[in-house]
Amino acid sequence: MPFRQRVARHFGDTLSPSTPYLSYFDILLTGDDIKSLRQDWLTDNNIAFWEEWLEREVLPKYPEARIVLLRPSMTFLLMQSLDVKGIGSALPNFTKVTHIFLPVNDSRDRERADGGSHWSLLLVSVIDGVAFHYDSLGGANFFEAQKCADRLGKVLGMPLRFHQMEDCPQQENSSDCGVFVCILMRHLLIKRLLNANANQKVSMSMANKMIDSHGGRKEMLKIIESLRKEGERRRSASPFASSHTPPRIE
């Protein structure tokens, strides 16, 4: 037991940045992603993994749901493309979609999808024509979120009313913004959308919602470690799998 606890405390410490750690459907997590998740600013890959996990583990329980979790790379494309209407073919089909989650980054460099220094969350209710913006650092991403909502509205062919959620829980440091995005995304998805009472008006306010960013990081790492162990088990059981490839779940 002491040995296992030691491993848990230093989870990811010995990984080189480019070392593949886990292949989970369309997401390949590396040593750099694991280190960032432990104690730093979350990478695009960290957030993309969380969205992939929610799509694989949560949304299938609600087959009637028509909700899209747009990946950070797709939000970046939406934000930076010079031809807004032309990128529609690269995005999911939103025809029957009721809600869209978009992680928003403040990068303004069209050449760097991994740039920027702050994450916030945009939740668009297509059926209501409203974009709710949750920013854990005051209004740091206000401009970017407004731009994102405006561009998505053009893709959808409808104007979106923009609401800055002033009661969004606030981070206490400079590195937890991505964790806040992931925790808020899951809470809004499950508590406010999937499990909502159809006969009651749903509030999108996050007032008095407590965010445990440290606990959130630990939970995400625990999920990744559990998936990695399962991937290792499958790899060892397969006569065709190579030990040089990362544990894979697909």
Side-chain angles (χ1 to χ4, degrees), residues 23-29 33 42-60 62-116 118-135 141-165 177-178 181-182 184-186 188-190 192-194 204 250:
S23 177
Y24 182 71
F25 294 95
D26 293 332
I27 307 300
L28 177 62
L29 291 172
D33 298 318
L42 262 60
T43 65
D44 295 35
N45 240 11
N46 290 143
I47 296 176
F49 164 79
W50 188 244
E51 292 181 308
E52 188 84 19
W53 184 79
L54 289 173
E55 285 184 350
R56 301 287 179 177
E57 301 297 329
V58 176
L59 282 177
Y62 304 85
E64 299 302 315
R66 297 293 180 264
I67 299 172
V68 168
L69 310 182
L70 205 64
R71 302 295 187 266
S73 58
M74 291 292 99
T75 302
F76 179 81
L77 177 65
L78 177 66
M79 294 280 286
Q80 303 298 337
S81 176
L82 297 176
D83 181 13
V84 179
K85 292 187 177 180
I87 65 171
S89 59
L91 297 172
N93 185 349
F94 297 125
T95 303
K96 298 181 180 180
V97 171
T98 61
H99 296 84
I100 307 169
F101 285 85
L102 304 93
V104 177
N105 185 278
D106 63 353
S107 174
R108 299 184 184 181
D109 186 347
R110 288 193 177 93
E111 304 301 320
R112 288 196 60 194
D114 60 346
H118 182 54
W119 291 107
S120 61
L121 178 65
L122 194 67
L123 168 55
V124 173
S125 173
V126 181
I127 54 178
D128 297 314
V130 181
F132 302 96
H133 182 224
Y134 302 87
D135 193 332
N141 271 4
F142 182 84
F143 170 80
E144 288 78 9
Q146 271 198 325
K147 177 182 177 182
C148 187
D150 178 67
R151 285 177 162 244
L152 182 59
K154 288 182 171 63
V155 171
L156 296 172
M158 61 183 291
L160 295 173
R161 301 192 308 277
F162 183 83
H163 283 268
Q164 177 74 17
M165 306 302 286
C177 53
V181 164
C182 291
L184 288 170
M185 182 188 297
R186 179 173 62 178
L188 289 163
L189 174 66
I190 297 175
R192 303 301 171 88
L193 299 181
L194 297 177
M204 304 310 291
E250 61 182 6

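- With hydrogens and angles ignored, the 3.5 Å screen pairs no side-chain donor or acceptor of Lys154 with any backbone N or O of Val84.
- The closest donor-acceptor contact from the side chain of Gln80 to the backbone of Ser107 lies under 3.5 Å.
- Proximity of Asp26 to Glu52: side-chain heavy atoms (C-beta onward) are separated by under 4.5 Å at one or more points.
- Using bins of under 30°, 30° to 60° and over 60° for the plane-to-plane angle, the ring pair His133/Phe162 lands in the tilted bin.
- Side-chain contact between Ile67 and Val97 is absent, with no heavy-atom pair separated by less than 4.5 Å.
- A donor-acceptor pair under 3.5 Å is formed between the side chain of Asp106 and the backbone N or O of His118.
- Two residues are said to be in side-chain contact when any heavy atoms from C-beta on lie closer than 4.5 Å; Leu54 and Leu59 fail this criterion.
- The backbone N or O of Val104 sits less than 3.5 Å from a side-chain atom of Asn141, completing a donor-acceptor pair.
- Of the possible donor and acceptor atoms, none in the side chain of Asn105 sits under 3.5 Å from a partner among the backbone N and O of Pro72.
- Between Trp50 and Trp53, the ring-plane angle classifies as parallel under the 30° and 60° cut-offs.
- The only option from Ile127, Val126, Val68 that meets the side-chain contact (heavy atoms from CB on, under 4.5 Å) definition with His99 turns out to be Ile127.
- Panel note: side chain Arg66, backbone Thr98; no donor-acceptor pair is recorded below 3.5 Å.
- In this structure, Asn45 contributes its side chain and Asp33 its backbone to no donor-acceptor pair below 3.5 Å.
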